[in-house]
Every structure is written in C-alpha cells, then in structure tokens.
Amino acid sequence: MPKMHETNSNFIHDIIDRDLESGYVQEIHTRFPPEPNGYLHIGSAKAIWINYMAAKKYGGKFNLRYDDTNPVKEDDEYVRAIEEDLRWLGADPGGGIFYGSDYFDKCYEYAEKLIMDGKAYVCDLSQEQMSEYRGTLTEPGKPSPYRDRSIEKSLDLFRRMKAGEFAEGAKTLRARIDMSSPNMNMRDPVIYRILFAHHHRQGDKWCIYPMYDFAHPIQDALEGITHSLCSIEFENHRPLYDWVTDNIGFEKKPHQYEFARLNMTYTVMSKRYLRKLVETNTVDGWDDPRMPTLCGLRRKGYTPSAIFDFIARNGVSKALSMADVRLLEYCICEELNDTAIRRVAIVEPLKVTVTNYPAGQTEYFTFSNHPKKPELGSRELPFTGELYIEKSDFMAEPVDGFLRLRPNGEVRLMSAYILKCNEVVFDDKGQPCELLCTVDLETRNNKPADGRKVKGTIHWLSAAHTETAEVRYYNQLFNKENVATLLEDDNFDEFIGDDSLVIYGGCKLEPSLGSATTDERFQFVRMGYFIKDSKTDGVFNRISPLKSSFKPE
RNA sequence: UGGGCUGUAGCCAAGUCGGUAAGGCACCAGACUUUGACUCUGGCAUUCGUUGGUUCGAGUCCAGCCAGCCCAGCCA
C-alpha cells in the first residue's frame, strides 16, 4: 500500500525545511507520546501519522513514548494495546520505544538544579489556596508566601517530599516564573506533586511525580527529539515548554509545534465519552465496530492504508475543523474496490422457483473474482431450479425508476439467464415469500435474440448450495453530525442512532465463503464490502455499503 | 471584558516576493455498464469573516470590528 507513504507538504514540513536549511537541525526526530489511559482512536492516528511521516519524509527517526507521569490514571493494559495498534498501522517506532517514567531520575535531578538556581521553590499552599493565589483570566495572581523561601529550605523540603515525609497534597514544587503573566500556565506552575501511588513500571519507588509540563520537554530533550508535534490545546503551554528547556540548559532544544486535532462527524473522540459508551454497554467494548477506536475500525474491516489516506486527504492545519466521515468511507471503498475479491451473498433471501427449469438439473456459471482484474481468476457457481435472490431486488408494486424484478417483469441474473417473474406468492402478512419465475434459456450469457432491453441485473444463489451466516450492518453510532458539541454529562443515549447496528440472520452465502478467514475482505456483489468478524464465528461485518445512485422518488 | 490561536465553496484545504481563487470529498448533469458499483466527461467561489485604508492591482500589506476555539488541575 504505497498510499501511507505519500504525503503532501504542510506547514510543519515548511518549518522542518526551514530548520534544515538554516542548519538548526541536521536530522529530524519525532515522537508519539500517548498516555496509557485508554485505547487509541482515529484522532490518535492523525498524531501518529503527522509525527511518523515527518520523520519518514526526512529520513529521520520516530519514537513511541508512553507518557506515564501520572500513576493514578494509567494502566499496563493500555500499554500493550497501544503498541499493537501502532504496529497495525505500520508506523514503526524505529527510533525506539520509551517510557516517560524511565526519566524520573533525570527529572528529579533537574528539579534540584532548578531549586539550586533559585528557579523553583517548595510551596505549602493547599490546592484551594493555590487556586486563589493564581488570580483569574483578567486579574494577575499574587505570589505565594513561600515563593521567597531560601534555596536551602526548598531543597531540604523537596528531598523530604521525595523521602515521603509529607502527606499527599501537603506540598508542591513550583517553578518561579511570573505570577502576573497573562498566560495562566506561567503563573508559577506546579512541576512536582506528592502522590503515594503505585506506578505501573516504577512500583513504589516514588511518592513524588513530575507534571506533564515539566516532564515532557525533558523527555523530548533527552531523546533528541527535534520537532515535538502535538495538538493545538498545548499551544498555551509552549512558553512553559521553552522555559523548561532554557532553564535546565539543554544544548539542543526541541521545539513544539501544534496542529488541529481530528474531529469527525457522527462520532466523539474524547476518551471520556468513549469509555462511557463501553462502561454503559451501549457498545460491545472498545473494539465495537461502531467505535472510532483503531481496534473498532480494525474489527469493522478498515485497513491502515485507508485510515492514513483519509488523514492525508484531510490535511494538516491549525483551524478547528470537523472531518466528514463520508471521506473515510470513500477511502476504504476506493481501496477495496481495487483489492477485494467479489463474492455472492444474499442478505435477505427471497425464494425463487424456476418453473421451466428441469427438476434436479444443475449447471455451472462462471463468475469473475474481480471484473477489472482477470488475473485474479474466476469460480463456478451452480444454478438450479430453486434460487434465492435479495428481497430488495423485487417489488410487487415497483416505484418509479425501479430497474429490478417486478411482477411480469424481467431481470438479468448475474452471469446467467434472464429471469421473468410470472407469479408472486404472499405470506400471511402480505409480504412476498416466493416468486414463480421462468428463465429464458436462450439468454445463457447472451443478450436476447429479439433485441429487447433488460436493464436490471441482480445476484442470485442456488438454494441448495449455500452457507448460512449472520450479517451485521453498522451505521453511524450517533444520529447527530456534531454530537461532540451537544454532549453533556448524561445525555448521550438520546443521540445514539436507532439503526447503528442492524443484524440479519439466515443470510445465504456462496459456498467458498465458508472457508473465509478473518483478514480477507470481500465485496459481496451489489451489497458492499464485508469481513468475517474476528470475535464471533459465523458472522460477517459490513465494512461499507456500495454507493448507489438509485434514489426512489 | 487578560492572553494565545483560527476564520478561503456543504465538508476538508492549497494559495511563495501583492498580479487577477489549486486539489479532494459531497452534490448535479451526461456517457459507459451482465455490480443502479467502478470508470469517463462536464458543472459546481466575480470572491476569500467584516469594514475601511495603502496600491495601477489585495485572499495576500495596514488599521478597526465580528465570530469560534483554548487557558484559572497538585490531568495529559
């Protein structure tokens, strides 16, 4: 799949070009720094793609780094899932796999240095007090009474914090910057806090943990990251990022650049709501095919190349935007149209009896595995007097423009005869349950000799030659395009689409589908793209429908 | 009403030094078609949030205004 290795230029590449030309950097090094507190989603894939492609395009390196500075929110379970998703995407962390927590010793050392340089101090303010002292968006903050504590005192206190002498929340280490800065992040931000928590890698070694704003620039600098690419909500943190690298005095300073995160119609990207969907059993886990998670998309049958193609086509900018999920669907269809093997499946079978076909006779018709790629071969499908066709391919009272089968109408059976419907049998509910038809034996793979035009073509299967399966159609999980802006604490169920999952049982598949594996994607002819579910046997998931220009009315 | 960022078609998004609005998706029309798919052809912004200014000439420069997003966690 060459697509994921192609990228148009964007403003980040312009910055890199500039830095390379000026000689500011010689080699590009980026990283993807997920916090292991949830599963990766398609928005994460954008961050991965931007960082990975920047490194790849310039022959640089790309790291995976677990941002695990807060032990109370992180879990080892997510670490494995993240790496699996990253590797599935094909974004090889050739620069290495790291853990932010591996730098705790270094962070501690730099914190002491800052104290000794008079640039950080231990503060005894409680959380509430600190909030008061911080001021507001429009009013400057005021200095903490502990701000001018002596270096010796702060150093002593900080070491005792580390030794576990103080209760959680009793003290913090703060950077001494500017309490009147219009940027709230610069008003003496906390850089270390006391947390008596077990860390998934460090165990009980620490009871003080660095804050993101302090740890992240250090991690970047230590790994030799040149361009620290993150999403736009960190823009306000950039002055602090620079303050940290400046004041610790790194020789090679990484720089942070921000891009707009990915929003998409009919879904949510926040881990908080995704978790809620899982916990309330609204969906069947993080890998429910309706979820925007990478494991969900994978189970639904999406490919890494289609996902990256979607991200590339959307582009990279700083403008708040809402990507259209239809573009994602377009990307997977475009790829699968090219690569998926064609198969026949009847999702909602309607029985057809061919009254003029000799009872007990079977003949075979050749079906191409891919109409545009003869090199992919073909296979033979049996034809008998008892067939199934798709319910939706027959209308007892056809609407205008309906090209398929109707009473006394004709239709082409794909790769076989022209079929005529002579009689309709209805069930108790008035629904057609069987069609009595005849076949024009002269039209075996030929056009009618009399020149009459038969426009519709439908797919069919011999009733005696099928596998049975369940087929699941997934539609948008939410019924509102901009659902993310409508969600409040507990109202998301009113936005769940009624038809987000539609299950069809008793579907009839052509025999070869009985041996399908869970990583083969098929086009069920005229129906869409499908893949065998990886969790439940005998189930096929619809990856995407085919486009249709048939619009009744 | 403090600061930062953003504003080009229904959606996304290019637009170097100011020179007369790329491309993709969607949509519409037509051709082709034994998948109403695919493919192909054509159409789709006299106008760039807005108002002024500078200029022979402004999406690009300047000033003001408007709108949206982010920031007052010992979260990331």
Side-chain angles (χ1 to χ4, degrees), chain A residues 8-10 14 33-35 37 67-70 72-74 100 123 125-127 130-132 134-141 168-174 180-187 189-195 208-209 211-213 215-216 230-239 258 260 265 271 310 312-331 333-334 337-338 342 344 368 370-372 401-404 411-416 418 443 445-447 454-459 481 523-528 545-551:
Chain A
N8 296 319
S9 191
N10 58 52
D14 295 342
E35 183 185 16
N37 69 341
D67 205 345
D68 55 356
T69 52
N70 186 350
V72 308
K73 294 179 72 177
E74 294 143 12
C123 182
L125 253 28
S126 69
Q127 205 155 160
M130 198 180 291
S131 176
E132 285 166 33
R134 187 151 30 225
T136 69
L137 295 177
T138 52
E139 301 158 31
E168 231 171 68
K171 291 181 178 359
T172 57
L173 181 68
R174 297 227 254 164
S180 63
S181 170
N183 183 339
M184 302 294 287
N185 295 126
M186 300 299 269
R187 318 243 264 227
V190 169
I191 58 177
Y192 257 97
R193 76 290 215 183
I194 300 171
L195 243 30
I208 56 172
Y209 291 91
M211 298 289 287
Y212 166 87
D213 282 319
H216 203 85
C230 63
S231 51
I232 207 133
E233 67 271 24
F234 290 101
E235 202 157 26
N236 294 328
H237 296 244
R238 194 171 63 228
E258 310 85 14
T265 53
K271 284 180 189 168
F310 164 72
R313 284 173 187 262
N314 264 306
V316 181
S317 76
K318 297 185 71 162
L320 178 78
S321 63
M322 176 82 80
D324 195 334
V325 70
R326 287 179 303 179
L327 179 60
L328 212 213
E329 289 166 353
Y330 171 84
C331 290
C333 285
E334 185 191 52
N337 177 50
D338 189 50
R342 271 58 171 173
V344 178
S368 169
H370 190 124
K372 298 273 164 83
F402 187 73
L403 264 36
R404 287 103 88 168
V411 78
R412 164 68 68 177
L413 292 179
M414 186 178 279
S415 297
I418 285 175
T443 58
N445 250 320
N446 285 315
K447 297 223 189 306
V454 175
K455 270 211 136 183
T457 299
I458 66 173
H459 54 105
E481 196 167 82
Q523 183 192 102
F524 288 176
V525 138
R526 301 207 314 124
M527 301 304 282
L546 253 25
K547 225 164 58 171
S548 170
S549 56
F550 174 52
K551 295 176 184 94

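Reminder, nothing fancy here: chain letters follow the sequence lines and each chain counts from 1. These figures come from a predicted structure and were not determined experimentally.
Proximity note for N70(A) (side chain, C-beta onward) versus C12(B), C5(B), A76(B): the nearest is A76(B). Closest to the side chain of K547(A), from the set A76(B), A26(B), C12(B), is A26(B). In the set C71(B), G15(B), G24(B), G15(B) carries the atom at the smallest distance from any side-chain atom of D14(A). When the nucleotides U35(B), U1(B), C74(B) are ranked by their closest atom to the side chain of P371(A), U35(B) comes out on top. Distance from the side chain of D324(A) is smallest for C11(B) among the nucleotides C11(B), G73(B), C71(B). The S549(A) side chain lies nearest to A37(B) when the options are A76(B), C5(B), A37(B). Comparing atom distances between the L137(A) side chain and each of A13(B), A76(B), A72(B) picks out A72(B) as nearest. Distances were taken from every side-chain heavy atom of M211(A) (C-beta onward) to each of C74(B), A72(B), C25(B); the shortest belongs to C74(B).
Counting only Watson-Crick and G-U wobble pairs whose two key distances fall under 3.5 Å, RNA chain B forms stems of three or more stacked pairs at B:2-7 with B:66-71, B:10-12 with B:23-25, B:27-31 with B:39-43, B:49-53 with B:61-65.
If you check distances only, the side chain of N236(A) does reach the base of C70(B) with a donor-acceptor pair under 3.5 Å. For U34(B), the base has a donor-acceptor partner in the side chain of R412(A) [N/O atoms by modelled type, under 3.5 angstrom]. Judged by atom type and distance alone, R313(A) does not reach the base of G23(B) through any side-chain donor-acceptor pair under 3.5 Å.
For P182(A) and R238(A), each mapped to the nucleotide of RNA chain B holding its nearest heavy atom, the one lying further toward the 5' end belongs to P182(A).
As judged by a 4.0 angstrom heavy-atom cut-off over every strand, S415(A) is placed among the base-contacting residues.
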